[in-house]
Amino acid sequence: MKNENYINRSAAVLGSTGSVGTQAIDALQRLGVKIELLTAGRNIDLVARQAVECGVRAVAVPDAADGEKLRAMLPDTVKVYSGESAVCDSIRECGCDLIVHSISGMAGIPAALAAADTGARIAMANKEALISLGHLIYERLEKSGGELIPVDSEHSAIFQCLCAAGAASPKAPADSSRVRRILLTASGGPFFGQKREELLAVTPEMALAHPTWKMGAKITIDCATLMNKGFELIEACRLFNVEPDRVEVLVHRQSIIHSMVEYTDGAVIAELSYPDMRDCVRYALAYPDRAPFGGEPLDFVKVGSLTFHAPDTEAFPLLSAAVDAWYKGGTAPAALIAADEEAVAAFIQKKLSFNGISDIVRETIEKCNVIPADSPEAVFAAEREAREIARRLIQR
């Protein structure tokens, strides 16, 4: 049965051609939600098909030439924004109730700030914006009256666990006064149990074979190095108002428990489900209600057992590098993201070994200047510096 509290809402999907974006469209369409705006990068053939299938009012792409091609591919009823400011302009003008932000990487920061200005609810799947300048996003949300609900499976789980105890809302970082620990789960990636010397032979093809999730190449490599879990640790600190010493990473190979919260009275609340990003989009849309679910219910007998392991930070040192970046503060987390993007790209191009990713990232962070992250300009300056340093190190 469709719930009128969310069925009449309109939605925008930013980064619609990526893994999360395509799943978000599927989830929204299944619920009968009207999708008004799509934004994309260079995959104009796919976004054009999506635009026709969804019956959107507008599409935005950052390249002017791609915009001209889209105008020829789409009906005149679809407004096409193109150019450097196209995505942000379309966000500010769309008037949507829900903005699913699934643009990947640092490129998603301007869109996150624009979305926060609109007063809409943001279903946030872009971790880089939260990591780099989450405090500025929340400042804008407070002014606009907007809301943010995380869509990363782990952070959606933590948010749901906190809401169950009345310790979170979409308006501001959570009230962590009753929280003892956040237990952040990780699949462990394809190389779980291997030592650092064993990882010398890892190829990009091996690293792209994630055991649980189907994602883009960059995030899949980050899961293999545990960098993604390091990013998620910083994201949890931003979202839920805790320090890293209150976030414990647990390797949970079954990927059924998506994360847990331990409270000061010793009780632990967990969120469990089969891994499916569409669940997180549904929750962000329907909150505080629950949208109907037509998938396979969780079969505990079939699951059988749930196991947990401590992460190996010697074999996978980028988890510790994330903690170090948090305590350095300022623009260090943004520099961490930029250095990792450069190192992962070099690894995929076979210019760098798998272990070289962590070597480059850690050395880059040591060489970067850290300044207060008090503006987007400061964050982008730190990003540029980190990229330049990382590229020099990779060439070396």
Side-chain angles (χ1 to χ4, degrees), residues 15 18-19 41-42 62-63 102-112 125-133 189-191 196 199-200 202-208 210 215-235 315-326 328-371 373 376-396:
S19 174
R42 301 305 303 270
D63 184 82
S102 57
I103 300 172
S104 61
M106 300 286 278
I109 289 177
N126 175 282
K127 59 175 59 68
E128 289 82 2
L130 287 169
I131 292 167
S132 300
L133 36 67
F191 309 122
R196 190 161 176 82
L199 300 174
L200 292 170
V202 168
T203 65
E205 293 75 18
M206 294 163 66
L208 288 168
H210 194 276
M215 305 170 291
K218 166 63 167 58
I219 190 171
T220 303
I221 301 297
D222 282 344
C223 288
T225 63
L226 291 194
M227 182 75 269
N228 189 59
K229 202 53 52 179
F231 289 148
E232 289 179 358
L233 185 151
I234 297 175
E235 187 180 0
F316 304 97
L318 289 180
L319 185 56
S320 299
V323 175
D324 293 342
W326 169 267
K328 282 187 175 184
T331 55
L336 180 75
I337 296 167
D340 180 68
E341 286 185 359
E342 293 296 326
V344 169
F347 170 68
I348 291 173
Q349 295 165 15
K350 300 187 177 181
K351 298 177 181 178
L352 194 65
S353 69
F354 183 79
N355 288 345
I357 297 173
S358 57
D359 293 339
I360 292 295
V361 171
R362 289 190 293 172
E363 189 170 353
T364 298
I365 297 304
E366 287 301 316
K367 294 179 180 295
C368 282
N369 295 308
V370 177
I371 60 176
E377 292 74 22
V379 167
F380 292 134
E383 176 195 7
R384 289 191 296 271
E385 181 192 32
R387 290 190 190 282
E388 291 169 2
I389 292 171
R391 288 168 186 166
R392 288 200 300 269
L393 294 173
I394 290 165
Q395 290 174 354
R396 182 193 66 185

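Just so you know, these numbers use all the heavy atoms, side chains as well, and skip hydrogens, waters and symmetry mates.
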**Evaluation steps, side-chain contact (heavy atoms from CB on, under 4.5 Å), between Arg396 and Glu363** = CA-CA 12 Å; Arg396 182 193 66 185; Glu363 189 170 353; 3.1 Å; yes

**Request:** Taking ring pair (Phe, Tyr, Trp, His ring centres under 6.0 Å) as the test, write out the residues that go with Phe316, two or more places apart.
**Result:** none

**Request:** Taking ring pair (Phe, Tyr, Trp, His ring centres under 6.0 Å) as the test, write out the residues that go with Phe380, two or more places apart.
**Result:** none

Closest approach of [X] and [Y], non-hydrogen atoms and distance?
{"X": "Ile103", "Y": "Gly108", "result": "CG2-CA, 3.7 Å"}
{"X": "Ala332", "Y": "Ile365", "result": "O-CD1, 4.1 Å"}
{"X": "Ile234", "Y": "Ala322", "result": "CD1-O, 3.5 Å"}
{"X": "Ala315", "Y": "Leu199", "result": "O-CD1, 3.7 Å"}
{"X": "Ala207", "Y": "Ala224", "result": "O-CB, 4.0 Å"}
{"X": "Ala373", "Y": "Val379", "result": "CB-CG2, 4.1 Å"}

In the structure I gave you, are the side-chain heavy atoms of [X] and [Y] within less than 4.5 Å of one another anywhere?
{"X": "Met106", "Y": "Ser132", "value": "yes"}
{"X": "Ile219", "Y": "Lys127", "value": "yes"}
{"X": "Ile109", "Y": "Glu383", "value": "no"}
{"X": "Leu318", "Y": "Ile357", "value": "yes"}

Is there a donor-acceptor pair under 3.5 Å between the side chain of [X] and the backbone N or O of [Y]?
{"X": "Thr364", "Y": "Ala386", "value": "no"}
{"X": "Thr331", "Y": "Ala334", "value": "no"}
{"X": "Asp222", "Y": "Met227", "value": "no"}

Supply the atom-to-atom distance [X] [atom1] to [Y] [atom2], rounded to the nearest 0.5 angstrom.
{"X": "Ser102", "Y": "Asn126", "atom1": "OG", "atom2": "CG", "value": "9.0 Å"}
{"X": "Ile221", "Y": "Asn228", "atom1": "CD1", "atom2": "CG", "value": "11.5 Å"}
{"X": "Asn355", "Y": "Thr225", "atom1": "CG", "atom2": "OG1", "value": "10.5 Å"}
{"X": "Thr220", "Y": "Ile348", "atom1": "OG1", "atom2": "CD1", "value": "8.5 Å"}
{"X": "Phe231", "Y": "Leu226", "atom1": "CZ", "atom2": "CG", "value": "12.0 Å"}
{"X": "Ile337", "Y": "Arg387", "atom1": "CD1", "atom2": "CZ", "value": "9.5 Å"}

**Prompt:** Hey, are Lys229 and Glu232 close enough for a salt bridge, meaning a charged N less than 4.0 Å from a carboxylate O?
**Reply:** yes

**Message:** Looking at Lys350 and Glu205, is there a salt bridge between them, counting it only when a charged N and a carboxylate O are closer than 4.0 Å?
**Reply:** yes

**Request:** Let me see the working for Asp63 and Arg42 under side-chain contact (heavy atoms from CB on, under 4.5 Å), right down to the final yes or no.
**Result:** CA-CA 8 Å; Asp63 184 82; Arg42 301 305 303 270; 4.2 Å; yes

**Item:** Sequence-distant partners of Asp359, salt bridge (charged side-chain N to carboxylate O under 4.0 Å, His left out), two or more places apart
**Value:** Arg196, Arg362

**Asked** Counting only heavy atoms not in Lys328, do more than 12 fall under 6.0 Å of its NZ?
**Response** yes

